[in-house]
Amino acid sequence: MLDPDAQTLLDMVREANRPAFDTVSPAEARALYRAGRKVLSPEPPPVAEVRDLTMPGPGGPLALRLFRGKAGDRSPAMVFFHGGGWVVGDIDTHDPMCRHLAWASGGAVVSVDYRLAPEHKFPAAVEDCLAATEWVAANAAALGIDGTRLAVGGDSAGGNLAAAVALLARDRGAPRLCRQVLIYPAVEAAMTHQSYARCGDGYLLTAATMRWFYDHYLRGPADVADWRASPLRVADVAGVAPAYILTAGYDPLSDEGGAYAARLDDAGVPVRLRRYDGQIHGFCQNGKVIHAAFGSLGEIADVLKEAWGTT
């Protein structure tokens with residue numbers, strides 16, 4: 001059954017009469033998303049350090065934000081890519097989530113403000129996220145990070161980007177990643193899985209909104225077949241970093257996340273699939289209303305500590 005807290009959130013959105021993203025412009029959608037974060041994101045716990053950084057990116061200067069959970073040098077780290085359909089969201093909208101993960105894991109989280117569509121079409125976001133991961137690894141000592149204990153992760157579109165970066169890092173032989181954390185990831189741009197039929201309307205993220213996201217993000221139909229946009233289509237997943245994949249039962253993306261976990265498992269990649277049956281897409285960010293968010297972030301932190309050897 002749908003979690004009562006998730007139903008409360010859906011009722012709040014309905015009562016607020018918030019327009020769907022697919023009925024407004026990208027600029028209006030970004031403003032709506034930021035406003036929603038102020039209402040739904042819980043107050044974050046304290047962390048030892050927050051530092052804004054800038055690196056040279058493929059398309060110009062790229063902003064990062066480093067969160068350190070505990071004081072000290074050589075922190076293990078996760079490079080984090082925010083969700084928002086490659087169109088909305090930024091390091092500010094996901095600031096509370098990253099603070100919580102840094103605090104709960106005791107490690108560092110480096111959030112990446114990658115370029116957004118439609119101003120910057122695919123594969124700009126992939127290129128930025130890969131460049132940021134490589135930069136963090138190359139500058140680990142200066143950042144107070146242990147480059148031998150580096151993970152990538154992200155939610156929704158960020159999960160898509162984390163999966164793509166993990167595959168690209170495998171192909172390049174560096175940086176070596178100890179874990180990929182994919183939180184209700186989008187991994188198949190064709191939108192053909194059955195969860196779109198089951199949950200494509202009425203549960204916050206809709207099939208129409210996903211189509212709107214892809215229409216803004218991709219350059220054209222040919223990009224659907226590019227595995228950097230649809231990681232589920234990559235020829236071979238063997239040898240990629242071990243994975244933790246979280247899915248939500250009332251989410252149009254749930255089946256493709258499960259299919260990607262099965263694909264990894266079949267190839268001998270260590271993977272843990274965690275399905276929150278009663279939840280909706282995006283619940284991990286909405287702890288002010290959905291209390292299960294705190295447990296899910298705590299579990300992700302435990303996964304990171306296990307990967308880092310800090311349990």
Side-chain angles (χ1 to χ4, degrees), residues 21 25-31 33-34 50-67 77-95 97-98 109-140 142-143 145 147 150-175 177 180 182 185-187 189 210 212-231 234:
F21 288 168
S25 69
E28 291 169 320
R30 289 166 190 160
Y33 190 72
R34 285 192 294 269
V50 179
R51 194 193 328 171
D52 285 327
L53 307 165
T54 304
M55 60 163 280
L62 192 60
L64 312 174
R65 184 170 294 162
L66 185 152
F67 307 85
M78 174 173 66
V79 184
F80 184 86
F81 315 123
H82 68 79
W86 311 274
V87 176
V88 307
D90 51 41
I91 54 177
D92 290 327
T93 61
H94 283 65
D95 185 289
M97 185 177 185
C98 289
V109 175
V110 182
S111 185
V112 181
D113 208 19
Y114 57 86
R115 288 173 289 170
L116 297 177
E119 296 87 348
H120 305 281
K121 294 276 193 176
F122 171 84
V126 180
E127 293 170 348
D128 283 357
C129 292
L130 176 63
T133 305
E134 292 176 333
W135 186 84
V136 170
N139 293 274
L143 296 171
I145 284 172
L150 192 64
V152 292
D155 63 316
S156 194
N160 165 281
L161 294 167
V165 167
L167 289 163
L168 288 164
R170 175 206 61 180
D171 292 346
R172 291 170 176 233
L177 302 174
Q180 54 177 317
L182 313 182
V187 291
M210 279 303 300
W212 184 85
F213 283 144
Y214 277 123
D215 285 347
H216 282 303
Y217 179 50
L218 302 179
R219 296 166 297 186
D223 283 343
V224 171
D226 190 317
W227 66 259
R228 294 171 300 167
S230 299
V234 71

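Predicted model, so just to flag it, every value in this text is computed and none were measured.
Here the straight-line distance linking atom CG of D223 with atom CZ of R228 works out to 8.0 Å at 0.5 Å rounding. Taken from NE2 in H94 to CG in D113, the straight-line distance is 11.0 Å, to the nearest 0.5 Å. Interatomic distance, D215 CG to M210 CE, rounded to the nearest 0.5 Å: 10.5 Å. Between L218 atom CG and F213 atom CZ the span is 12.5 Å, to the nearest 0.5 Å. Distance OH/Y33 to NE2/H82: 8.5 Å, rounded to 0.5 Å. Here the straight-line distance linking atom CG of L62 with atom CZ of R115 works out to 8.0 Å at 0.5 Å rounding.
In this structure, I91 and F80 have side chains that are not in contact, with every pair of non-hydrogen atoms separated by 4.5 Å or more. Taking the side chain as every heavy atom from C-beta outward, L53 and L143 approach each other to under 4.5 Å.
Neither side chain, D128 nor H120, offers a donor N or O lying under 3.5 Å from an acceptor on the other.
Classification of the Y217-W86 ring pair by plane angle, with boundaries at 30° and 60°, yields parallel.
What you find for A166 and V152 is that their closest heavy atoms are CB-CG2, 4.4 Å. Contact detail for E134 and A174: the closest heavy-atom pair is OE2-O, 4.5 Å.
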